Amino acid sequence: GIGESSMEELIMDLIDKQSNPTIAPYAKEGEVTLRITAKCSKHEDGEKLLKPVVAEITRRLGIMVYSTDNSSMEAVAGRLLIEKGITFSIAESCTGGVLSSRLTDTPGISSVYKGAIISYSNEMKHEFLNVDKDVLSKYGAVSEEAAKQMAVGIREITKSDIGISITGIAGPDGGTDEKPVGLVFISLADKDGPVCKRLNLWGDRRKIRNMTSLHALDLIRRYALKQLIA
């Protein structure tokens with residue numbers, strides 16, 4: 001949920017005065033990794049050098065730090081769902097099952113994962129997810145209104161604690177001035193109703209689908225930690 005430059009601003013003083021340990025940021029698609037390296041003669045000495053630096057960076061970046069042990073976003077989100085016993089189901093459109101695939105890489109996820117519907121067409125969204133025809137005709141399939149109804153629909157159908165939905169335009173075609181390629185809506189619904197996050201992404205089809213799934217995983221992670229920000 002933060003870019004490399006914004007992240008660096010929050011810890012620039014630590015980077016400027018670094019000697020041992022050293023701090024090196026590495027950006028990858030949708031994520032930033034900080035590598036913290038200590039030079040020492042004993043492993044125990046290295047741990048002592050690293051611990052306060054990691055603690056300070058984690059304090060400053062807060063919820064944006066999802067792992068300090070190289071775990072992937074899907075592993076973190078999946079483990080949280082399992083540990084907290086949060087059952088979930090997914091309704092995907094433009095990602096075509098990418099989110100489901102990433103989460104099912106987590107061992108033991110079957111204890112909380114109810115299932116998914118890949119609803120590409122408006123007919124599928126209406127017939128299987130109970131999205132109102134009026135919503136589809138007035139706002140379109142790629143809209144906050146449709147995303148929320150998709151999340152509520154999949155949750156109710158599967159009797160899950162939460163339902164997650166994704167609808168958007170992954171490209172390269174299908175965009176308009178009003179709804180360009182890269183416009184995506186992600187919704188999460190629980191017993192209190194749905195929240196929705198709007199994304200304006202860029203890049204090719206693969207990148208948009210990957211970035212969308214990352215944002216969805218982060219939404220799930222924040223919900224499980226009770227720090228949901230949509």
Side-chain angles (χ1 to χ4, degrees), residues 73-74 77-78 80-82 84-106 109-170 174-176 178-179 181-201 208-226 228-230:
M73 179 71 85
E74 53 262 43
L80 281 169
L81 291 169
I82 294 168
K84 295 178 179 293
I86 301 171
T87 60
F88 72 99
S89 49
I90 301 171
E92 293 187 68
S93 184
C94 65
T95 43
V98 173
L99 177 60
S100 297
S101 177
R102 294 182 73 159
L103 280 168
T104 52
D105 282 341
T106 305
I109 201 72
S110 60
S111 65
V112 290
Y113 181 38
K114 292 291 191 75
I117 292 177
I118 311 302
S119 56
Y120 244 64
S121 69
N122 284 4
E123 290 78 13
M124 283 282 289
K125 291 178 176 67
H126 171 66
E127 293 180 18
F128 291 93
L129 297 173
N130 299 323
V131 179
D132 291 340
K133 286 185 177 180
D134 289 344
V135 164
L136 293 169
S137 60
K138 183 177 181 180
Y139 301 104
V142 181
S143 64
E144 178 177 339
E145 292 79 6
K148 286 181 175 179
Q149 289 199 356
M150 288 169 65
V152 170
I154 192 68
R155 175 182 178 271
E156 291 178 345
I157 291 165
T158 59
K159 296 179 173 57
S160 301
D161 293 324
I162 60 172
I164 305 103
S165 71
I166 296 172
T167 181
I169 306 170
T176 65
E178 183 181 356
K179 295 183 178 181
V181 169
L183 175 64
V184 177
F185 294 92
I186 303 169
S187 182
L188 186 151
D190 66 4
K191 61 182 178 58
D192 297 320
V195 297
C196 191
K197 183 172 186 175
R198 175 181 176 139
L199 304 174
N200 291 286
L201 304 173
I208 289 171
R209 283 157 54 99
N210 178 54
M211 291 287 289
T212 297
S213 65
L214 273 174
H215 279 279
L217 289 165
D218 193 43
L219 199 65
I220 293 167
R221 177 184 71 97
R222 289 170 184 261
Y223 176 85
L225 292 171
K226 301 187 184 301
L228 182 60
I229 302 172

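Please read these numbers as outputs of a predicted model, since none were measured by experiment. Sequence positions, counted from 1, serve as the residue numbers for this chain.
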Can you pull out every salt bridge (charged side-chain N to carboxylate O under 4.0 Å, His left out) where at least one residue sits in residues 131-144? Sequence neighbours excluded, please.
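Sorted result for residues 131-144: E144-K148.
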
For [X] against [Y], the heavy-atom pair lying closest together:
X	Y	result
T95	T212	CG2-CG2, 3.8 Å
Y113	S100	OH-OG, 3.1 Å
I117	L129	CD1-CD2, 3.9 Å
S213	L99	O-CD1, 4.0 Å
K179	V142	NZ-O, 2.7 Å
H126	L136	CB-CD1, 4.3 Å

Taking the side chain as every heavy atom from C-beta outward, state whether [X] and [Y] have any atom pair closer than 4.5 Å.
X	Y	answer
V131	E145	no
R222	D218	yes
M211	L199	no
Y223	D190	yes
L183	R198	yes

For the backbone of [Y] and the side chain of [X], can you confirm whether one donor and one acceptor N or O come within less than 3.5 Å of each other?
X	Y	value
S143	A146	yes
E92	V98	yes
S89	K114	no
S165	A147	yes

Point-to-point distance, once rounded to the nearest 0.5 Å, from [atom1] of [X] to [atom2] of [Y]:
X	Y	atom1	atom2	value
I166	I90	CD1	CD1	7.5 Å
R155	F88	CZ	CZ	14.5 Å
L80	L217	CG	CG	11.0 Å
I154	I162	CD1	CD1	12.0 Å
I164	I220	CD1	CD1	4.0 Å
K197	L188	NZ	CG	11.5 Å

Before giving the answer on side-chain contact (heavy atoms from CB on, under 4.5 Å), spell out for N130 and V152 the whole-Å C-alpha distance, their side-chain angles and the decisive distance to 0.1 Å.
CA-CA 9 Å; N130 299 323; V152 170; over 6 Å; no

Looking only at side chains, do K125 and T167 share a donor and an acceptor under 3.5 Å apart?
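Side chains of K125 and T167: no pair found under 3.5 Å.
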
